[in-house]
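Single-structure report; data block below.
Proteins come first, then strands; the chains are lettered A, B, ... in the order of their sequence lines, and each starts at number 1. Note that this is a predicted model, so its numbers are computed, not measured.
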Protein chains: 2
Amino acid sequence: MKRQGILEELRVRGVRLTPQRLLILNAVAEGEGHLGVDEVFRQAKQSYPYMDIATVYRTLHLFKRLGVVTEVAIGDRLHFEIRDPDRRHHHMVCAKCGGAYDLAPDYLDGFREALMKEFSFEPDLDNFTVTGVCANCNAGPSDSPQG
Amino acid sequence: MKRQGILEELRVRGVRLTPQRLLILNAVAEGEGHLGVDEVFRQAKQSYPYMDIATVYRTLHLFKRLGVVTEVAIGDRLHFEIRDPDRRHHHMVCAKCGGAYDLAPDYLDGFREALMKEFSFEPDLDNFTVTGVCANCNAGPSDSPQG
DNA sequence: ATTGCTTTTGCAAACGGTAGCGACTGCTTA
DNA sequence: TAAGCAGTCGCTACCGTTTGCAAAAGCAAT
């Protein structure tokens, strides 16, 4: 399934699949998009105590560059999720409660087309996140009352 | 004109207009949206050598919170510009050449309305920036050839 | 297997940004 | 004018992230 496909693709692209990288990929996959850098680090370190935080950063950046993972900014924290081209989506993040919601890509189709048509500007919306206030917090603000 | 209006409003809101804050506001205004934190710092320090970088950060955050300045992410750098409610706009930033272009707010009106109508999610698009590849770089990539 | 070359790693130092703290400033009240 | 108080400042220590570098690992050719 998914995991194998990714590994296969990395191999084809000539990316070395070191034990460290596999552990990090695994951690991100298990975390299902909810893990930050430090959590990925701790997770991977459990299996391999020599794991270094710098390696985690380097590897996550590598994976992002390769299109294997996606970075989602939630508040001031970065979360990582496996990128599945068949399940592309954007994210809505509530600035009050910190909740994150997936958003179907077609909500931005019009925007993308307008930019391309009018400015020949090709937007990169893959890692797109829109912040705001979610329905719950708008109704009855729980985090910062009297907002 | 503009500058005076801002000062007046800050005064009314009970915000102290210290020399440091005035220098920082000035630097941002003079920079016309092209200055990063360090440049604002250096600029302000010329007039007042005791200026501290922490004060610059604190003040810029304060101004942002008060709606006086806007933060624009260009690459991994944050730029600051005076926020003029009558001239609201978003930004397009080219990932290749780093160029930044203003974008009329109505390009996102449809998006905003869809989110509010369908999810009761009230997006904060004030500091919105979309990255991508501009017309020039798409035609003849100057920065990273053979992209 | 051995050699030579490239990539990756772990460590440590450096960097950018933030937070704590004591000193100072500018109000308010007397 | 003095005392009290809140807000702000500069300094320093700190935390998360990045970079430099030498050692290790992987790969290709012999």
Is B:Thr18 near enough to D:dC9 that one of its side-chain N or O atoms lies under 4.0 angstrom from OP1 or OP2? yes
Please compare B:Val37 and A:Tyr50 by the position of their nearest nucleotide in DNA chain C and report the one closer to 5'. A:Tyr50
Would you call B:Glu71 and B:Arg83 a salt bridge, taking side-chain N to carboxylate O under 4.0 Å as the test? no
Compare the minimum distances between each of D:dG10, C:dT9, C:dT18 and the side chain of B:Asp52, then state the nucleotide with the smallest one. D:dG10
Across the strands shown, which category fits B:Phe41 at heavy-atom distances under 4.0 angstrom: base, sugar-phosphate, nothing? nothing
Enter the distance from B:Leu66:CG to B:His61:NE2 here, rounded to the nearest 0.5 Å. 12.5 Å
Between B:Leu62 and B:Ala54, whichever has its closest DNA chain D nucleotide further toward 5' is B:Leu62
Does B:Arg21 place a side-chain N or O at less than 4.0 Å from the phosphate oxygens OP1/OP2 of D:dT8? yes
We want to know whether A:Gln20 and A:Tyr50 form a side-chain donor-acceptor pair, criterion being a heavy-atom distance below 3.5 angstrom. no
Short side-chain N/O contact from B:Thr55 to OP1 or OP2 of D:dC9, under 4.0 Å: no
Could you state the CE-C1' distance from A:Met51 to C:dC11, rounded to the nearest angstrom? 15 Å
Take atom CG of A:Leu17 and atom C1' of C:dT8, then tell me their distance rounded to the nearest Å. 13 Å
Measure from CZ on B:Arg42 to P on C:dG16 and round the result to the nearest Å. 11 Å
Measuring to OP1 and OP2 of D:dA25, would you say a side-chain N or O of A:Gln20 lies under 4.0 angstrom away? no
Rounded to the nearest angstrom, tell me the gap between atom CD1 in A:Ile53 and atom C1' in D:dC15. 12 Å
Rounded to the nearest angstrom, tell me the gap between atom CG in B:Asp38 and atom C1' in C:dG16. 10 Å
Rounded distance (Å) that lies between atom C1' of D:dG7 and atom CG of B:Leu66: 14 Å
Side-chain ion pair, B:Glu122 and A:Lys96, N-O less than 4.0 Å: no
Please check if the distance between the ring centroids of A:Phe111 and A:Phe128 is under 6.0 Å. no
Could you give the NE2-to-C1' distance, from B:His61 to C:dG16, as a whole number of Å? 12 Å
Grab the CG-C1' distance between A:Leu22 and C:dT8 for me, whole Å please. 13 Å
Return whichever of B:Arg16 or B:Leu78 has its heavy-atom-nearest nucleotide of DNA chain C closer to the 5' end. B:Leu78
Select base, sugar-phosphate, or nothing to describe what A:Arg58 touches, counting heavy atoms under 4.0 Å on all strands. base
